[in-house]
Amino acid sequence: MEAGSLTEKAPADRPRPVDVIRRHLGGWGLIAALAALPVLYAVKDLTQGYQVGVVHGHAVIAHDLTQFGTTLVQGVSNGAIWALIAIGYTLVYGIIELINFAHGDVFMIGSFVAVGFWSAIGIGLATGTVGLVFGLILTLIVAMAVTGSLNVLIERVGYRPLRNAPKLAPLITAVGFSFILQNVGLLWHGGSPIGVSDLLRQNDTVFTISGVVVHRADVLAIGATIPLVIGVTAFLARTRHGRAMRATAQDPEAARLMGINVDRTISLTFMIGGMLAGAAGLIYALYETTIWYFQGFEAGLIAFTAAVMGGIGNVRGAVLGGLIIGIIQQFSDARIGPEWTEAVVFGYLILIMTLRPRGLLGEETREAG
C-alpha cells in the first residue's frame with residue numbers, strides 16, 4: 001500500500017536539454033554561429049555579386065570579395081576601440097567584482113580632454129607631419145594621465161569606503177558617478193555632437209590589398225591598440241605589480257597575508273583601466289571626428305558586452321569580444337541596416353551566453369575559480 005503510493009523519481013543524473021545543447025554546440029557549433037554572418041555575405045558577394053557602378057544606364061556587377069574585405073577591415077578597426085574600453089571593465093570586475101558603470105563616461109572625458117588639449121597647443125589641419133606626430137603623442141600621454149587619475153579618484157572616493165558594503169551599494173554609486181561625468185560633459189560641450197578636426201585625414205588610403213582599401217583610420221585604431229594590449233598583457237604577466245593584481249583578483253585576503261597592499265593594487269587596477277579608456281578616447285575622436293557627452297553610455301554598454309562575451313575578468317577575452325562586436329556591427333550596418341545592429345549584437349550575446357555561460361575564453365574571477 002505504502003509502496004504503491006510512492007511516486008517514481010526521475011534519475012538524478014539525467015541531463016537537462018539545455019545541457020545537451022551546450023555539450024554538442026558549445027564548441028564547433030558556436031564557432032559556426034559566429035562565422036555565419038560573414039560567410040553568408042561572402043558567398044552572396046561571390047554568387048550574386050554587388051553593384052559597383054553604372055555604365056550607360058546599366059548596373060555594373062562585381063563578383064569578388066573586395067566589399068567583404070573592406071567591411072571586415074573596418075569592423076576590426078572599430079572593434080579595436082571597443083577592446084581597449086572592455087579591458088578596463090574586465091580588469092575592475094576581475095579584481096573587485098564590480099561593474100564600473102562610470103568607465104564609459106571616463107572614456108568620454110578622455111575624448112574631451114584630448115580634443116581640448118590638442119586645440120590648446122595649436123595642432124590643426126595645417127600642422128606638419130613631425131609636429132602632428134609629437135603633438136598627438138603628447139596628447140595621448142595627457143589624456144591617459146587625466147583619465148587614469150580620474151578613475152583612481154572615483155575608486156578612492158566612491159568605491160573604497162563601500163568595499164565591505166552589500167554589492168548593491170557600490171553598484172548604485174557607479175551609476176551615480178556615470179551621471180555626474182555625463183553632466184560634466186554636458187556642461188563642457190553642450191548636448192549636441194560637435195565635429196573635430198580630421199587631423200589624420202582618416203579616409204585617405206594607406207595601401208590596398210587585392211582591392212581591399214585600408215584607410216588611415218584603420219591603421220590608427222589597429223596600430224595604436226596592438227602595442228597597448230601587448231603592454232598591458234606583459235605588465236600583468238611579468239611585473240611584480242601585475243602578479244599582485246592577479247593574486248588580489250584570486251583571493252584578496254590571502255594576498256594581504258602575503259604582504260600585498262590590496263588597496264594600492266586595486267587603485268593601480270583602476271588607473272590602468274582609466275588610462276586605456278583615455279587612449280581609446282583619443283583614438284575615437286580621431287577615428288569618428290565627432291564627440292559628444294553621451295558617447296560614453298553607448299561605448300560603455302558595447303564594451304561591457306564585449307567583456308562578458310569574451311569572458312569577464314579575462315583580458316584576452318575582452319579583446320576577442322571587442323573585435324567580434326566590431327565586425328558584427330560593421331556587417332550589420334552595411335548589409336542589414338543600422339537600425340538592426342543593436343538587436344543583432346545582443347542576439348549574438350544571448351547565443352554565446354546560452355551555449356557558453358562563462359564567455360568564449362572563460363571567466364577569470366574568484367567565483368569562476
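For clarity, every value in this text was computed on a predicted model and none was experimentally measured. We count residues from 1, following the sequence as given.
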| Sequence neighbours excluded - salt bridge (Lys or Arg N to Asp or Glu O under 4.0 Å) pairs with any residue from residues 135-157 | E155-R160, E155-R163
| remark: Taken to the nearest 0.5 Å, the spacing of F177 CZ from H103 NE2 works out to 15.5 Å
| Shortest non-hydrogen contact from A299 to I85? | CB-CD1, 4.0 Å
| task | Over 60° means perpendicular and under 30° means parallel, so classify the ring planes of F68 and F331, tilted if in between. | result | tilted
| task | Tell me, yes or no, whether the heavy-atom count around F134 atom CZ, taken from other residues, nucleotides or ligands under 6.0 Å, exceeds 12. | result | no
| request: Report whether F235 and V232 are members of the same hydrophobic cluster (ILVMFWY, side-chain heavy atoms less than 4.5 Å apart, transitive linking). | output: yes
| Beyond-backbone contact of V214 with T208, side-chain heavy atoms, under 4.5 angstrom | no
| query | With a cut-off of 6.0 Å (strictly less than), are more than 12 heavy atoms of other residues, nucleotides or ligands near CH2 of W340? | reply | no
| Backbone of Q329 reached by a side-chain donor or acceptor of S332 within 3.5 Å | no
| task | Give the cluster check for V262 versus M258: same hydrophobic cluster or not, with ILVMFWY residues linked at side-chain heavy-atom distances below 4.5 Å. | result | no
| Are F117 and L140 close enough, and set up right, to give a side-chain contact (heavy atoms from CB on, under 4.5 Å), and what steps lead you there? | CA-CA 10 Å; F117 184 79; L140 176 66; over 6 Å; no
| query | What are the two closest heavy atoms between S178 and A102, and how far apart are they? | reply | N-CB, 3.9 Å
| request: Decide yes or no for L349 and M353: does some side-chain heavy atom of the first lie under 4.5 Å from some side-chain heavy atom of the second? | output: yes
| task | Report yes or no: does T70 contribute a side-chain atom to a donor-acceptor pair with the main-chain N or O of T66 at less than 3.5 Å? | result | yes
| V315 vs L91 side-chain heavy atoms within contact, under 4.5 Å | yes
| field | Side-chain donor-acceptor pair present, D333, T341, cut-off under 3.5 Å | value | yes
| Shared hydrophobic cluster, L351 / V39 (ILVMFWY, side-chain heavy atoms < 4.5 Å) | no
| message | Restricting to non-hydrogen atoms, name the atom on L236 and the atom on R246 that form the minimum distance, rounded to 0.1 Å. | response | O-NE, 2.8 Å
| For the student: nearest non-hydrogen atoms of I194 and H189, plus distance | CD1-ND1, 3.4 Å
| Which pairs, with at least one residue in residues 214-240 and sequence neighbours excluded, count as a side-chain hydrogen bond (donor to acceptor under 3.5 Å, both in side chains)? | S77-D218
| Under the salt bridge (Lys or Arg N to Asp or Glu O under 4.0 Å) test, residues paired with D45 that sit two or more places apart | R335
| message | Between T147 and V113, is there a side-chain heavy-atom distance shorter than 4.5 Å? | response | no
| query | Would you say the side chain of L136 lies within less than 4.5 Å of the side chain of L286, judging by non-hydrogen atoms? | reply | yes
Kindly list each side-chain donor-acceptor pair under 3.5 angstrom involving residues 269-284, sequence neighbours excluded, with atom names and distances?
unit_1 : atom_1 : unit_2 : atom_2 : d
T269   : OG1    : T265   : O      : 3.0

| field | Stepwise side-chain contact (heavy atoms from CB on, under 4.5 Å) test for K167 and E97 | value | CA-CA 9 Å; K167 289 189 176 181; E97 296 185 343; 3.4 Å; yes
| Just checking, is any N or O donor in the side chain of N183 or Y293 under 3.5 Å from an acceptor N or O on the other one? | no
| request: Can you run down the side-chain hydrogen bond (donor to acceptor under 3.5 Å, both in side chains) pairs that involve residues 294-311, sequence neighbours left out, and say none if there aren't any? | output: S111-Q295
| Can you check whether L360 reaches M309 side chain to side chain, under 4.5 Å on heavy atoms? | yes
| said: Please enumerate all residues that pass side chain to side chain donor-acceptor pair (under 3.5 Å) together with Y50, with sequence neighbours excluded. | reply: D64
| query | With a cut-off of 6.0 Å (strictly less than), are more than 12 heavy atoms of other residues, nucleotides or ligands near CD of E342? | reply | no
| query | M108, V184: one ILVMFWY side-chain cluster at the under-4.5 Å cut-off? | reply | yes
| field | T90 side chain to N314 backbone, donor-acceptor under 3.5 Å | value | yes
| Any idea which heavy atoms bring A303 and A86 closest together, and the distance? | O-CB, 3.3 Å
| request: Answer yes or no: is there a donor N or O on one side and an acceptor on the other, between the side chain of R358 and the main chain of G311, under 3.5 Å? | output: no
| query | Does R201 offer a backbone N or O that forms a donor-acceptor pair with the side chain of D198 under 3.5 Å? | reply | yes
| query | Could you walk me through whether N100 and Y159 pass the side chain to side chain donor-acceptor pair (under 3.5 Å) check? | reply | CA-CA 10 Å; N100 182 18; Y159 301 151; 2.6 Å; yes
| remark: Output for pair (I99 CD1, Y93 OH), nearest 0.5 Å, gives 6.0 Å
| message | Would you say that more than 12 heavy atoms from the other residues, nucleotides or ligands in this model lie under 6.0 Å from the CZ of F179, or not? | response | no
| Value rounded to 0.5 Å, distance of CH2 in W82 from CD1 in I327 | 14.0 Å
| task | For the residue pair V115 and I291, establish whether any side-chain heavy-atom pair is separated by less than 4.5 Å. | result | yes
| remark: The reported gap from CD in Q67 to CG in L72 (rounded to nearest 0.5 angstrom) is 12.5 Å
| message | Rounded at 0.5 Å granularity, tell me how far CG in L162 sits from CG in L168. | response | 10.5 Å
| Joint cluster assignment, L320 & Y348, ILVMFWY side-chain distance < 4.5 Å | yes
| Under a 4.5 Å cut-off applied to non-hydrogen side-chain atoms, are I226 and I222 in contact? | yes
| request: Locate the shortest heavy-atom distance separating L150 from V106; write the atom from each residue and the value. | output: CD2-CG2, 4.3 Å
| task | Walk me through it: do T173 and I154 pass the test side-chain contact (heavy atoms from CB on, under 4.5 Å)? | result | CA-CA 10 Å; T173 302; I154 291 173; over 6 Å; no
| task | Before giving the answer on side-chain contact (heavy atoms from CB on, under 4.5 Å), spell out for T71 and Y41 the whole-Å C-alpha distance, their side-chain angles and the decisive distance to 0.1 Å. | result | CA-CA 10 Å; T71 304; Y41 290 117; over 6 Å; no
| query | Atom CG of L125 and atom OG1 of T127: how far apart are they, to the nearest 0.5 Å? | reply | 8.0 Å
